[in-house]
Each structure stands twice: as structure tokens, then as C-alpha cells.
Amino acid sequence: MPELPEVHTIITDLKPKILGQYFQKITTTHKPAVLATPKTLSKSKGAKITEISRRGKFINIFLNTETVITIHLRMSGRLIIKPKNTSALPFERTTIELSETSIRFCDSRKFGKTWINSLEDYEKNTGIYKLGIEPLTPDFTAQKLADLLSGKKGTIKKHLLDQTKIAGIGNIYADEACFYSNIKPDTEVQNLSTKQITFLHSSIIKALQQGINNRGTSIANYADAYGKTGRNQELLYAYGRGGLPCIRCNTTMIKCRVASRGTVYCPSCQQ
DNA sequence: AACATTCCCTGCCAGC
DNA sequence: TGCTGGCAGGGAATGT
């Protein structure tokens with residue numbers, strides 16, 4: 001599933017391919033997946049793409065008419081660049097036609113969404129305004145993480161998945177960061193020491209950065225803008241390894257549920 | 001206000 | 001072989 005590193009990879013690939021092109025039209029076979037008004041549609045039509053960037057797991061394509069195309073891939077979404085007027089890809093739901101090429105939004109589970117909004121209100125209409133700190137910026141310090149968790153209740157994993165605190169971490173990188181820092185994912189945050197929070201902080205960055213360096217984790221659905229898989233799934237210590245031996249100590253990894261999510265940890269390494 | 005649960009969806013796969 | 005039930009889960013909506 002696309003999390004921060006996967007979205008980062010897609011954007012990096014898309015950017016040189018679509019910058020400077022003109023948005024022509026959007027079509028969908030699944031109406032609830034596209035949220036646009038006649039006004040924002042007419043304002044965006046024919047507009048030039050000036051920038052494409054990421055916020056949390058959201059993709060923003062900025063147009064020169066003060067309009068923004070926002071995409072969220074959710075669980076199973078992919079964005080694939082294809083020549084215009086070629087046959088639909090498997091599970092292609094939404095097609096964004098540009099002047100020179102097209103972007104195909106393929107999404108088997110139909111959870112993904114595309115919005116077209118004015119620059120003025122895209123953050124409000126998409127929920128981007130609620131997002132917390134970007135974990136790969138200098139503002140995200142160990143102290144900042146400690147502040148976010150201070151006085152809070154609940155498990156650390158729940159808070160790592162909370163997009164209003166830190167934007168972009170999903171189930172895979174939450175489990176990986178907990179493994180790196182030797183923290184059991186169901187540890188109550190009030191029981192974490194300063195030392196543990198500091199270790200967790202560097203582990204979050206390390207897990208995400210490694211994902212980016214390997215062009216993302218391909219479990220079931222993720223593919224980059226060329227439809228190719230990433231390599232990070234080969235480098236995971238926790239996610240997807242329930243019942244398998246811990247890579248570090250050989251103890252059988254435990255699979256359980258934390259924060260209503262499938263969760264894997266090593267009962268020996270993570271206390 | 002803060003927390004937990006339900007829902008949206010459908011491909012995939014183990015088990016019968 | 002073919003069916004079925006369980007699982008995957010981000011985030012909005014709903015419930016407590």
C-alpha cells in the first residue's frame with residue numbers, strides 16, 4: 001500500500017514527465033472517486049502544470065489557473081503514465097489526459113480519490129489541512145516527537161498511524177520503525193522513556209528513507225509510475241513476517257492486532 | 001474532546 | 001474444481 005516513500009517515488013517519476021504539460025480532461029468509471037465541480041473543471045481545463053508535490057500521502061498537481069488536482073491512492077491505487085488513447089489498464093478507474101500523455105489511476109479496491117479544487121480551498125476540501133508534521137523535514141526532531149506524544153494515551157502504533165500527528169506513515173513503516181527501535185507496537189505512549197522516543201524518532205526517518213532509497217515497498221498492489229515494483233519488501237524486518245524467524249535473533253515473530261491493524265513484532269527484540 | 005468502531009471495496013488465497 | 005469466508009487497510013463517518 002502506498003505510504004510516504006511510495007508516494008515520493010511516484011512523484012519523482014511523474015514530475016519530469018508531466019511538468020509543463022496541459023491538463024485536458026478527466027474521466028472515470030467510478031463516479032465517487034472524482035470530486036470536482038463544474039467550476040473547478042472549467043477553470044482547470046487547458047491549464048498548465050506548474051508543480052507536483054507530496055503532502056503526507058496526498059499528491060498535489062498544481063495548475064497555473066490557481067487550481068489543484070489532488071490524488072490519494074489509499075490502499076490499492078497506482079498512477080501509471082501511458083501514451084494517450086491506448087487501451088485501459090487492469091482496474092483503471094480514472095484517466096487524466098494531458099497534452100502529451102495520460103495518467104492512469106488503477107485501483108482495484110476503489111478506495112482512492114481524485115479532487116479538483118481551487119488553490120484557495122484544496123487543503124480544506126481534501127483534508128490536507130489536518131495533516132501533521134512531515135517526518136523527513138528538519139522540523140521533525142526527537143523533541144517534536146516527544147511533544148506530540150506528551151500527555152497522550154493509547155499505543156505507540158496508533159499514534160504513529162495518526163496522520164494529524166505525523167503525515168505519511170502507514171502500517172508497513174510503523175511496524176518497521178518499532179522494530180528498529182526495539183519498541184513493542186502496543187506499548188502505551190506514557191510508558192516510553194525519552195531514550196526510547198529518541199530511538200524511535202531516528203528509526204522512523206531511517207525506515208522511510210530506506211523505503212525511498214529502494215523505490216518503495218511492493219506488497220500486493222504498489223507499483224511506480226512505470227508500473228514497476230519497488231525493492232523495499234526484500235528489506236523488511238517486521239511487516240509481513242508473522243510466524244517467520246526474526247532476522248536479528250531468530251525468535252518467531254508474533255502476528256497480532258494493534259490499532260485495528262495487522263501488526264508484527266519480535267517478542268525478544270521488542271519489549 | 002478523545003477515543004473506539006464501522007464502513008467503504010474487491011482481489012486474493014487457504015481450506016473444504 | 002469451484003465455492004466460501006476471512007483478510008488486507010487509509011481515512012471519513014458514526015458511535016460512545
Side-chain angles (χ1 to χ4, degrees), chain A residues 1-8 10 28-35 54-60 70-79 88-94 105-115 117 121-132 134-135 147-178 185-190 208 211 216-223 227 229 232-233 236 238-244 253-265:
Chain A
M1 55 235 66
E3 304 179 23
L4 187 156
E6 291 73 33
V7 175
H8 173 97
I10 289 169
T28 188
T29 58
H30 181 63
K31 282 224 168 70
V34 176
L35 295 95
R54 178 191 65 72
R55 179 77 176 93
K57 303 172 196 169
F58 290 81
I59 296 165
N60 289 311
T70 301
I71 296 167
H72 198 302
L73 301 170
R74 296 281 181 96
M75 301 293 303
S76 57
R78 300 175 169 196
L79 290 184
L89 292 166
F91 312 116
E92 185 172 323
R93 310 295 187 194
T94 300
F105 191 160
C106 304
D107 185 19
S108 65
R109 287 184 217 176
K110 299 183 176 175
F111 280 13
K113 295 226 181 303
T114 305
W115 297 256
N117 284 298
D121 54 24
Y122 81 99
E123 290 181 313
K124 178 173 167 287
N125 290 347
T126 57
I128 286 175
Y129 76 100
K130 288 191 271 192
L131 293 176
E134 283 292 332
D147 292 345
L148 288 171
L149 301 176
S150 170
K152 295 294 189 297
K153 288 180 179 174
T155 65
I156 183 57
K157 175 149 178 179
K158 188 192 90 138
H159 289 283
L160 290 178
L161 294 174
D162 183 348
Q163 302 299 300
T164 71
K165 292 197 172 63
I166 305 169
I169 301 174
N171 206 32
I172 296 171
Y173 296 97
D175 275 11
E176 293 300 297
C178 286
D186 67 351
T187 307
E188 291 287 320
V189 290
Q190 66 262 39
L208 295 172
T217 302
S218 293
I219 302 282
N221 292 297
Y222 168 72
T229 55
N232 201 53
Q233 63 279 3
L236 300 179
Y239 185 88
R241 293 191 49 81
L244 296 173
M253 304 286 284
I254 304 274
K255 171 96 191 258
C256 61
R257 281 188 96 71
V258 179
S260 307
R261 296 285 177 262
T263 300
V264 178
Y265 69 96

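Please read these numbers as outputs of a predicted model, since none were measured by experiment. Values reported hereafter were calculated over all heavy atoms of this structure, with side chains retained and with hydrogens, waters and symmetry mates removed. A, B, ... follow the sequence lines: proteins, then strands. Residue 1 opens every chain.
Distance, A:R74 CZ to B:dC9 P: 11 Å, rounded to whole Å. To the nearest angstrom, C1' of C:dG11 lies 16 Å from CD1 of A:I169. If you take CG of A:D107 and P of B:dC8, they are 16 Å apart, rounded to a whole angstrom. B:dA2 atom P lies 10 Å from atom NZ of A:K158, rounded to whole Å. Atom pair A:K31:NZ and B:dC9:P shows a separation of 15 Å (rounding to whole Å applied). Atoms CZ (A:R261) and P (C:dC7) sit 14 Å apart, rounded to a whole Å. Distance A:L161 CG to B:dT5 C1': 16 Å, rounded to the nearest Å. In this structure, A:Q163 places its CD atom 4 Å from P of C:dG11, rounding to the nearest Å.
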Exercise for the section: Could you walk me through whether A:H159 and A:K152 pass the side-chain contact (heavy atoms from CB on, under 4.5 Å) test, one step at a time? Expected result: CA-CA 9 Å; A:H159 289 283; A:K152 295 294 189 297; 3.7 Å; yes

Exercise for the section: Assess whether side-chain contact (heavy atoms from CB on, under 4.5 Å) is satisfied between A:L4 and A:R54, documenting all intermediate values. Expected result: CA-CA 8 Å; A:L4 187 156; A:R54 178 191 65 72; 3.5 Å; yes

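The aromatic rings of A:F58 and A:H72 sit perpendicular, their planes meeting at an angle over 60°, well past the 30° parallel limit.
Using a 5.5 Å limit on the distance between ring centres and a 30° limit on the angle between planes, the aromatic ring of A:F111 counts as stacked on the six-membered base ring of C:dG9.
In this structure, A:T263 and A:C178 have side chains that are not in contact, with every pair of non-hydrogen atoms separated by 4.5 Å or more. Looking only at side-chain heavy atoms (C-beta outward), A:R261 and A:K158 stay at 4.5 Å or farther from each other. The closest side-chain heavy-atom distance from A:T94 to A:H30 is not below 4.5 Å.
For A:H72, no side-chain nitrogen or oxygen approaches OP1 or OP2 of C:dG10 to under 4.0 Å. Contact annotation: A:Y239 does not reach the phosphate of C:dA8 (side-chain N/O to OP1 or OP2, under 4.0 Å).
In the set C:dG11, C:dG9, C:dA8, the nucleotide with an atom closest to the side chain of A:K57 is C:dG11. The side chain of A:K255 lies closest to C:dA8, out of C:dA8, C:dG9, B:dG11.
One distance of note links CZ of A:F105 with NZ of A:K113; it measures 9.0 Å at 0.5 Å rounding.
Residue A:K153 is the one, among A:K153 and A:K110, whose nearest nucleotide of DNA chain B lies closer to the 5' end (criterion: closest heavy atom). Where A:S260 and A:H30 each meet DNA chain B at their nearest nucleotide, the meeting point lying more 5' is that of A:S260.
The rotation axes computed at either terminus of the helix from B:dA2-C:dT16 to B:dC16-C:dG2 lie 50° apart, taking five pairs at each end and rounding to 10 degrees.
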